[in-house]
Amino acid sequence: GVQVFDTFVEGAKEGFLMAIKLIPYLVGIYVSVGIFRESGAIDILVTILSPVLKVVKAPADALFLSVVRTLSGPAAVGMMLEIFDAHGPDSFIGRLASTLIGSTDTTFYIIAVYFGSVGIKKTRHSVTAGVLADFAGFVASVYIVRKIFL
């Protein structure tokens, strides 16, 4: 007794309205990524975190990729492809980049989109937990790629 087409149209309408509601959040996160990349903040972050890189024996490109991955998936995939072009996909950094993409997530993008879609303003511990999980994925990726491929 359910009108399938009418139910579908109603769901599609709600989905379209949700997409329109998310546009400001998406624009905001992409502008933030652009500003973060172009400002040189990532270079400063890599400099600050270079002692960690030495301890885990990771190249700076890997940390740069990991930081961008928390902000934007497409930007991170583009960086991974640049690494492939420069070093090859079968190089240590190429394998590490692939593993990093699979082991980390777009934390800030997810928080902006999903929390924004339901109107959550206070993220509480979500950002901290997400960033710590991404850092654990970074360290685990370096460790696993070193153990398997070196």
Side-chain angles (χ1 to χ4, degrees), residues 5-87 89 91-146:
F5 185 73
D6 292 339
T7 304
F8 169 77
V9 170
E10 187 63 33
K13 180 179 157 186
E14 288 176 18
F16 185 73
L17 293 174
M18 180 63 69
I20 290 172
K21 184 179 175 183
L22 289 176
I23 288 173
Y25 295 100
L26 293 172
V27 169
I29 197 70
Y30 282 118
V31 168
S32 299
V33 169
I35 290 170
F36 193 68
R37 285 186 80 178
E38 297 300 320
S39 70
I42 292 179
D43 296 330
I44 294 168
L45 186 63
V46 168
T47 302
I48 291 169
L49 294 176
S50 63
V52 174
L53 292 174
K54 289 178 184 172
V55 170
V56 297
K57 299 178 182 171
D61 285 346
L63 179 64
F64 186 62
L65 175 63
S66 185
V67 168
V68 171
R69 175 72 171 154
T70 64
L71 299 168
S72 169
V77 170
M79 289 182 62
M80 180 181 68
L81 294 175
E82 289 174 10
I83 289 171
F84 287 174
D85 287 341
H87 305 282
S91 65
F92 171 74
I93 185 67
R95 290 177 172 156
L96 180 57
S98 298
T99 307
L100 273 172
I101 292 291
S103 302
T104 58
D105 211 339
T106 55
T107 302
F108 292 106
Y109 176 83
I110 288 170
I111 288 171
V113 170
Y114 293 122
F115 283 25
S117 70
V118 293
I120 296 174
K121 302 282 186 217
K122 296 180 181 176
T123 59
R124 296 192 48 142
H125 305 293
S126 301
V127 174
T128 305
V131 169
L132 287 175
D134 286 335
F135 181 72
F138 171 77
V139 172
S141 295
V142 173
Y143 177 78
I144 289 168
V145 171
R146 284 203 167 281

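Reckoned from all heavy atoms, side chains included, excluding hydrogens, waters and symmetry mates.
Between His87 and Asp61, some side-chain heavy-atom pair lies under the 4.5 Å cut-off. Taking the side chain as every heavy atom from C-beta outward, Leu96 and Pro59 approach each other to under 4.5 Å. Proximity of Phe92 to Val145: side-chain heavy atoms (C-beta onward) are separated by under 4.5 Å at one or more points. Between Thr104 and Phe135, the closest side-chain pair of non-hydrogen atoms is not below 4.5 Å. Within the 4.5 Å cutoff, no side-chain heavy atoms of Arg69 are placed close to those of Leu100. Within the 4.5 Å cutoff, the side chain of Val139 has no heavy atoms near those of the Val52 side chain.
The line from OH of Tyr143 to CZ of Phe138 is 15.5 Å long, rounded to the nearest 0.5 Å.
Between the side chain of Ser72 and the backbone N or O of Ala75 there is at least one donor-acceptor pair closer than 3.5 Å.
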Show me, pair by pair, the donor-acceptor contacts under 3.5 angstrom made by side chains of residues 7-22, not counting sequence neighbours?
residue : atom : partner : partner atom : Å
Thr7    : OG1  : Gln3    : O            : 2.8
Lys21   : NZ   : Ser117  : O            : 3.2

Would you tabulate the side-chain donor-acceptor contacts of residues 43-50 under 3.5 Å, counting partners in other chains and residues two or more places apart, or write 'none'?
residue : atom : partner : partner atom : Å
Thr47   : OG1  : Asp43   : O            : 2.9
Ser50   : OG   : Thr47   : O            : 2.9

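Sorted by first and then second residue, the side-chain hydrogen bond (donor to acceptor under 3.5 Å, both in side chains) pairs involving residues 123-141 (not counting sequence neighbours) are Ser103-Ser141, Thr107-Asp134.
Looking at every heavy atom in both residues, Leu53 comes nearest to Ala60 through CD1-CA, 3.9 Å. Counting all heavy atoms, side chain and backbone alike, Lys57 lies closest to Arg146 at O-NH2, 2.6 Å. Here the shortest heavy-atom pairing between Leu65 and Ala76 reads CD1-O, 3.3 Å. In plain terms, the two heavy atoms of Val142 and Ala58 that are nearest each other are CG2-CB, 3.7 Å.
In terms of the side chain to side chain contact (heavy atoms under 4.5 Å, CB included) criterion, residue partners of Val118 (sequence neighbours excluded) are, by chain and number, Ile120. Residues meeting the side chain to side chain contact (heavy atoms under 4.5 Å, CB included) test with Ala41, sequence neighbours left out: Phe36, Ser39. Not a single side chain to side chain contact (heavy atoms under 4.5 Å, CB included) links Val55 to another residue, sequence neighbours left out. Scored by the side chain to side chain contact (heavy atoms under 4.5 Å, CB included) test, Phe84 finds Met80, Leu81, Pro89, Ser98 as partners (sequence neighbours excluded).
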Could you check Val131 against Phe108 for side-chain contact (heavy atoms from CB on, under 4.5 Å), going step by step and ending with a plain yes or no?
CA-CA 9 Å; Val131 169; Phe108 292 106; 3.8 Å; yes

Assess the residue pair Val127 and Ile111 against the criterion (side-chain contact (heavy atoms from CB on, under 4.5 Å)); give the C-alpha distance rounded to whole Å, side-chain angles, the decisive distance to 0.1 Å, and a yes or no.
CA-CA 8 Å; Val127 174; Ile111 288 171; 3.6 Å; yes

